[in-house]
Amino acid sequence: VAWIQPGLDRRSNRTVAIHAGRDYSATYPERLYRHLDASDQGISTGQTELHELDGTVEVTLGRYLHLHTNLVYRRPQQVRGNPSSQEAPPEIQRSLVDYSIKTERRMRSGEIHYLDHPIMGIIAEITPVNE
């Protein structure tokens, strides 16, 4: 993913929302959060999609460039449950596991940085754009 933005300080900065990959909302509807709407007229869905990758990325400008990530990668996992009797086969339960990568990295323009995580990684490069 790439985008163009002005170099802004932390107070004026724009957060970029990232939503990518598979949508797990139909498979795991219990993971969608719900809240009362503004008029308190019942329950509305606050989140309608549950993406494989969700979160935000911010780039701020101070003395250095700062990259802030708050991302969640979701992956289905199968877990074998204990059967109630010795003769019954073990039950297989599916769950959706969240892996979070919340980091802050001080950078210089033109440098390539790799943000490491046991399950995923992020390659980031901030390049100045001439108008």
Side-chain angles (χ1 to χ4, degrees):
V1 176
W3 63 91
I4 296 175
Q5 74 175 54
L8 299 172
D9 63 15
R10 185 78 177 175
R11 288 174 281 149
S12 313
N13 191 40
R14 298 179 188 146
T15 301
V16 176
I18 305 289
H19 308 289
R22 296 184 187 126
D23 181 5
Y24 292 119
S25 58
T27 311
Y28 302 95
E30 69 279 1
R31 293 287 304 271
L32 297 174
Y33 67 87
R34 301 188 184 281
H35 68 281
L36 292 175
D37 62 14
S39 62
D40 293 333
Q41 297 288 325
I43 295 182
S44 65
T45 303
Q47 180 182 357
T48 59
E49 295 177 337
L50 189 64
H51 289 282
E52 188 172 14
L53 181 65
D54 265 324
T56 59
V57 176
E58 291 180 79
V59 178
T60 59
L61 179 61
R63 184 176 173 144
Y64 291 91
L65 292 162
H66 295 269
L67 174 69
H68 307 269
T69 64
N70 187 4
L71 297 167
V72 175
Y73 171 68
R74 296 180 178 99
R75 188 164 75 178
Q77 183 177 8
Q78 293 184 352
V79 179
R80 292 184 181 264
N82 292 332
S84 56
S85 71
Q86 296 289 345
E87 298 171 9
E91 295 179 13
I92 296 178
Q93 301 171 345
R94 292 180 49 97
S95 65
L96 194 61
V97 180
D98 290 354
Y99 299 97
S100 176
I101 185 164
K102 187 173 184 176
T103 64
E104 180 179 336
R105 177 70 60 99
R106 187 174 71 181
M107 301 177 63
R108 290 192 174 119
S109 62
E111 291 180 346
I112 296 175
H113 286 254
Y114 179 71
L115 305 164
D116 196 13
H117 186 278
I119 303 297
M120 65 180 147
I122 298 170
I123 298 173
E125 180 181 12
I126 301 173
T127 306
V129 176
N130 296 327
E131 293 184 23

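Computed over heavy atoms, backbone and side chain alike; hydrogens, waters and symmetry mates excluded.
- Remark: His113 NE2 to Ile122 CD1 distance equals 13.0 Å, nearest 0.5 Å.
- For residues 2-13, the pairs satisfying salt bridge (Lys or Arg N to Asp or Glu O under 4.0 Å) are Asp9-Arg11, Arg10-Glu58, with sequence neighbours left out.
- The side-chain hydrogen bond (donor to acceptor under 3.5 Å, both in side chains) check on Ser25 picks up Asp23, with sequence neighbours excluded.
- Between Thr15 and Asn70 the shortest side-chain heavy-atom distance does not fall below 4.5 Å.
- Of all heavy-atom pairs between Tyr99 and Met120, the closest is O-CE, 3.4 Å.
- We find the OG1-NE2 distance between Thr60 and His68 to be 3.5 Å, quoted to the nearest 0.5 Å.
- The side-chain heavy atoms of Gln5 and Val59, taken from C-beta on, include a pair separated by under 4.5 Å.
- Side-chain contact check for His117 versus Ser100: every heavy-atom pair is 4.5 Å or farther apart.
- Scanning for side-chain hydrogen bond (donor to acceptor under 3.5 Å, both in side chains) contacts around Tyr28 gives Arg94, with sequence neighbours left out.
- Listed by chain and number, the hydrophobic cluster partners of Ile123 are Ile112, Tyr114, where partners are ILVMFWY side chains within reach of under 4.5 Å, directly or through others.
- For Leu61, the side chain to side chain contact (heavy atoms under 4.5 Å, CB included) criterion is met by Leu65, not counting sequence neighbours.
- Between Ile18 and Val16, some side-chain heavy-atom pair lies under the 4.5 Å cut-off.
- In this view, Ser95 satisfies the side-chain hydrogen bond (donor to acceptor under 3.5 Å, both in side chains) rule with no residue, not counting sequence neighbours.
- For residues 98-118, the pairs satisfying salt bridge (Lys or Arg N to Asp or Glu O under 4.0 Å) are Arg31-Asp98, Arg74-Asp98, with sequence neighbours left out.
- Residues forming a ring pair (Phe, Tyr, Trp, His ring centres under 6.0 Å) with His19 (at least two apart in sequence, or on another chain): His51.
- Here Pro128 pairs with Ser109 under the side chain to side chain contact (heavy atoms under 4.5 Å, CB included) rule; sequence neighbours left out.
- A side chain to side chain contact (heavy atoms under 4.5 Å, CB included) with Ile101 holds for exactly one of Ile119, Leu53, Leu71, Val72; it is Leu71.
- Note that CE of Met107 and OH of Tyr64 are 13.0 Å apart. Values are rounded to the nearest 0.5 Å.
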